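Report on the structure given below.
The first residue in the sequence is number 1, and the count goes up from there. From a predicted model like this one, the values you see are computed outputs, not experimental measurements.
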Amino acid sequence: MQLFATGFPGFIAQTLLPRLAERRSFRRIIFLVEERFLEKARSLSPRLFPGHAVEIVSGDIVQPGLGISDSDLLEQLRDEPSEWWHLAALYRLEVGLELARRVNVEGTRNVLELAEKSKAHRLHYISTAYVSGKVTGRVREDDLPEPRPENFKNFYEQSKNEAEWLVREKMDRIPTTIYRFGVVTGNSKTGETAKFDGPFFTIKYLDRWGGLPLPQIGKMDACINIVPIDYVIAATCEISGQPDSVGKCFQIVDPDPITTGELFEIVSLELGYGRPRWTISQQGMEKMMRFSLVRRLIGLPRQSMAYINHHVQFDSTNTTRALQGTGITCPSAREYLPVLVRFYKENQHRQELHMEIR
């Protein structure tokens with residue numbers, strides 16, 4: 001069996017793919033890597049995959065045929081059974097519609113077309129729980145709203161929704177498993193992450209003002225579903241190896257998510273700034289953040305405001321059943337947030353954290 005994956009050397013790929021290589025007996029490991037990240041991918045491979053023959057192939061998911069020019073490789077993908085992992089995507093909330101569609105939608109379409117031609121033995125597709133867009137209430141693992149623009153808070157959500165529709169349309173021809181992650185954040189034990197987003201937006205917002213009495217934004221009683229990378233990887237690896245996970249969707253989320261108000265308070269206390277002492281309405285903050293100067297001062301993307309008071313709960317019945325008896329459980333954000341704060345304080349000036357890989 002071969003492993004073929006996109007998205008290396010992104011953070012999730014760097015942590016997920018070595019775990020897969022340990023658990024499976026892959027005869028060959030092939031990574032499709034953008035030209036600008038070839039050197040990094042080649043330098044990381046020996047350390048992350050000791051004892052494995054890793055082939056780094058130059059290409060790009062936005063190109064037809066994934067930009068693969070090696071005819072021998074294409075023939076091998078067609079002739080030999082392969083396990084495909086599509087990890088590559090743009091994950092920025094502030095991404096524009098054209099770029100989001102080109103990478104997340106057309107890129108996925110190109111992967112699906114080549115996977116079907118190659119008769120992929122198995123496809124694992126990484127989605128997001130937030131393909132549900134503006135839906136409120138409980139979102140089941142097979143719920144997927146229509147891809148209409150008015151259904152989403154930003155173009156990232158819209159593009160991932162459109163991409164998942166493409167994947168589902170091919171599931172009768174390509175054996176596929178869909179994984180919908182919550183907001184992936186740093187390791188629950190070390191805080192390590194590759195990008196200061198998700199809960200780190202709150203950490204940055206509070207920290208950059210040095211303890212000034214900043215406002216809580218609205219009631220902040222809605223849940224934000226953050227999940228640490230170590231749980232995401234452990235759960236995904238376990239589920240991916242179960243034969244009956246084919247044809248299903250798994251929401252890899254926190255079954256007991258923290259509220260945005262709890263997040264705000266825990267981070268503020270951990271930074272030594274005390275509890276928030278006053279409140280500004282979400283509408284008021286959104287109006288202020290229409291101005292670029294305000295956004296630069298606050299240090300938050302405007303699109304992040306839409307999540308603060310969005311009341312949604314993600315069902316994870318399939319995931320709970322699949323992990324039953326494995327000992328794999330989601331750590332509580334209430335316990336590991338201090339670890340994330342410490343990692344941020346120690347590493348906030350490391351520029352490589354902000355590298356974008358698709």
Test side chain to side chain contact (heavy atoms under 4.5 Å, CB included) on Ile126 and His86; report intermediate values, then the result.
CA-CA 6 Å; Ile126 305 303; His86 182 31; over 6 Å; no
So salt bridge (Lys or Arg N to Asp or Glu O under 4.0 Å) across residues 71-82, not counting sequence neighbours, yields Arg27-Glu80
Please report the shortest heavy-atom distance between Leu16 and Cys237, naming the atom on each side.
CD1-SG, 3.5 Å
Would you say CZ of Arg321 has more than 12 non-hydrogen atoms from neighbouring residues, nucleotides or ligands within 6.0 angstrom?
no
Among residues at least two apart in sequence or on other chains, which ones pass side chain to side chain donor-acceptor pair (under 3.5 Å) with Ser82?
Gln2
Side chain to side chain donor-acceptor pair (under 3.5 Å) between Arg24 and Ser240, worked out
CA-CA 11 Å; Arg24 312 263 221 280; Ser240 69; 2.7 Å; yes
Measure across Asp230 and Gly186 and return the closest heavy-atom pair with its distance rounded to 0.1 Å.
OD1-O, 4.3 Å
Joining Ile, Leu, Val, Met, Phe, Trp and Tyr whenever any side-chain heavy atoms lie under 4.5 Å apart, the cluster holding Leu97 also takes in Phe155
Could you state whether Leu93 and Val95 fall into the same hydrophobic cluster, counting links through intermediate Ile, Leu, Val, Met, Phe, Trp or Tyr residues with side-chain heavy atoms under 4.5 angstrom apart?
yes
Taking side chain as C-beta onward, heavy atoms only, is Asn161 less than 4.5 Å from Pro145?
yes
Side chain to side chain contact (heavy atoms under 4.5 Å, CB included) assessment of Leu48 paired with Val54:
CA-CA 10 Å; Leu48 295 177; Val54 177; over 6 Å; no
Contacts of Phe4 meeting ring pair (Phe, Tyr, Trp, His ring centres under 6.0 Å) (sequence neighbours excluded), chain-then-number -> Trp84
Inspect the surroundings of NZ in Lys134 and state if more than 12 heavy atoms from other residues, nucleotides or ligands are less than 6.0 Å away.
yes
Would you give the length of the straight line joining atom OG of Ser188 to atom CG of Leu337, rounded to the nearest 0.5 angstrom?
11.0 Å
Evaluation steps, side chain to side chain contact (heavy atoms under 4.5 Å, CB included), between Lys170 and Leu123:
CA-CA 10 Å; Lys170 293 278 189 179; Leu123 171 66; over 6 Å; no
Residues Glu141 and Arg180 bridged, charged N to O under 4.0 Å:
no
Checking the side chain of Gln242 only, and the main-chain atoms of Ala322 only, is there a donor and an acceptor separated by less than 3.5 Å?
yes
Here the gap from Leu206 atom CG to Leu271 atom CG, rounded to the nearest 0.5 Å, amounts to 6.5 Å
When you check the gap from the basic side-chain N to the acidic O, do Arg42 and Glu39 get nearer than 4.0 Å?
no
Say whether Phe152 and Phe314 are linked into one hydrophobic cluster, either directly or through other cluster members, by side-chain heavy-atom distances under 4.5 angstrom.
no
Out of curiosity, Leu323 CG to Asn318 CG, how far, rounded to the nearest 0.5 Å?
10.5 Å
Will you find, in the side chains of Tyr273 and Asp207, an N or O donor that is under 3.5 Å from an N or O acceptor?
yes
Decide whether Ser127 and Glu164 meet the rule of one side-chain donor and one side-chain acceptor closer than 3.5 Å.
yes
Any side-chain to backbone donor/acceptor pair from Asn110 onto Ile61? Under 3.5 Å, distance only.
yes
All side chain to side chain donor-acceptor pair (under 3.5 Å) counterparts of Asp221, not counting sequence neighbours:
His311
Once ring pair (Phe, Tyr, Trp, His ring centres under 6.0 Å) is applied, do any residues pair with Tyr344, and if so which ones, sequence neighbours excluded?
Phe196
If the condition is ring pair (Phe, Tyr, Trp, His ring centres under 6.0 Å), which residues does Tyr307 pass it with, not counting sequence neighbours?
Tyr130
Tyr179: partners by side chain to side chain donor-acceptor pair (under 3.5 Å), with sequence neighbours left out
His124
Show, in sequence, the C-alpha distance, side-chain angles and deciding distance for Gln251 and Val139, and conclude whether the side chain to side chain contact (heavy atoms under 4.5 Å, CB included) test is met.
CA-CA 10 Å; Gln251 292 191 149; Val139 176; 4.0 Å; yes
Are Leu99 and Leu90 close enough that some pair of their side-chain heavy atoms sits under 4.5 Å apart?
yes
Do Leu17 and Leu20 have side chains that get closer than 4.5 Å, going by heavy atoms?
yes
Between Asp143 and Arg138 (salt bridge meaning N to carboxylate O under 4.0 Å), is one present in this structure?
no
Which residues pass the side-chain contact (heavy atoms from CB on, under 4.5 Å) test with Asp197, sequence neighbours left out?
Lys195, Phe201
Minimal heavy-atom distance between Ala163 and Thr108, with the atoms involved, is CB-OG1, 3.8 Å
Salt bridge (Lys or Arg N to Asp or Glu O under 4.0 Å) partners of residues 265-274, not counting sequence neighbours, each pair once
Glu265-Arg275, Glu270-Arg342
Does some side-chain heavy atom of Phe31 sit less than 4.5 Å from a side-chain heavy atom of Leu3?
yes
Mind checking side chain to side chain donor-acceptor pair (under 3.5 Å) for Ser245 and listing every partner two or more places apart, or none if nothing turns up?
Arg122
Is Arg148 paired with Glu150 through a side-chain N to carboxylate O contact shorter than 4.0 Å?
yes
Keeping the roles fixed (side chain from Lys160, backbone from Tyr91), state whether a donor-acceptor pair exists under 3.5 Å.
no
Which of these passes side-chain contact (heavy atoms from CB on, under 4.5 Å) with Val111: Leu166, Leu66, Ile174, Val167?
Leu66
Between Ala21 and Ile29 the two heavy atoms that sit nearest each other are CB-CD1, 4.0 Å
Residue pairs fulfilling salt bridge (Lys or Arg N to Asp or Glu O under 4.0 Å) with at least one residue in residues 328-338, sequence neighbours excluded
Asp256-Arg334, Glu262-Arg334
Any side-chain heavy atom of Thr193 within less than 4.5 Å of one from Ile229?
no
Identify whether Val184 and Val131 are in the same connected component of the hydrophobic contact network (ILVMFWY, side-chain heavy atoms under 4.5 Å).
no
Assigning hydrophobic clusters by single linkage (Ile, Leu, Val, Met, Phe, Trp, Tyr; side-chain heavy-atom cutoff under 4.5 Å), is Ile266 placed with Ile224?
yes
Taking the side chain as everything from C-beta on, heavy atoms only, tell me whether Leu340 gets closer than 4.5 Å to Phe200.
yes
To the nearest 0.5 Å, what is the distance between OG1 on Thr185 and CD1 on Ile203?
7.0 Å
Compare all side-chain heavy atoms of Leu87 with those of Phe8 and state whether any distance is below 4.5 angstrom.
no
Gap between atom CD1 of Ile178 and atom CZ of Phe250 - 0.5 Å precision:
10.5 Å
Check the hydrophobic clustering (I, L, V, M, F, W, Y; side-chain heavy atoms under 4.5 Å; chains of links allowed) and say if Val105 and Trp165 are grouped together.
no
Test item: Arg92 and Tyr156 side chains (from C-beta on) under 4.5 Å apart, heavy atoms
no
Distance, nearest 0.5 Å, that separates CD of Glu83 from NE2 of His121:
7.5 Å
Looking only at atom types and distance, does a side-chain atom of Ser118 sit under 3.5 Å from a main-chain N or O of Leu114, one as donor and one as acceptor?
yes
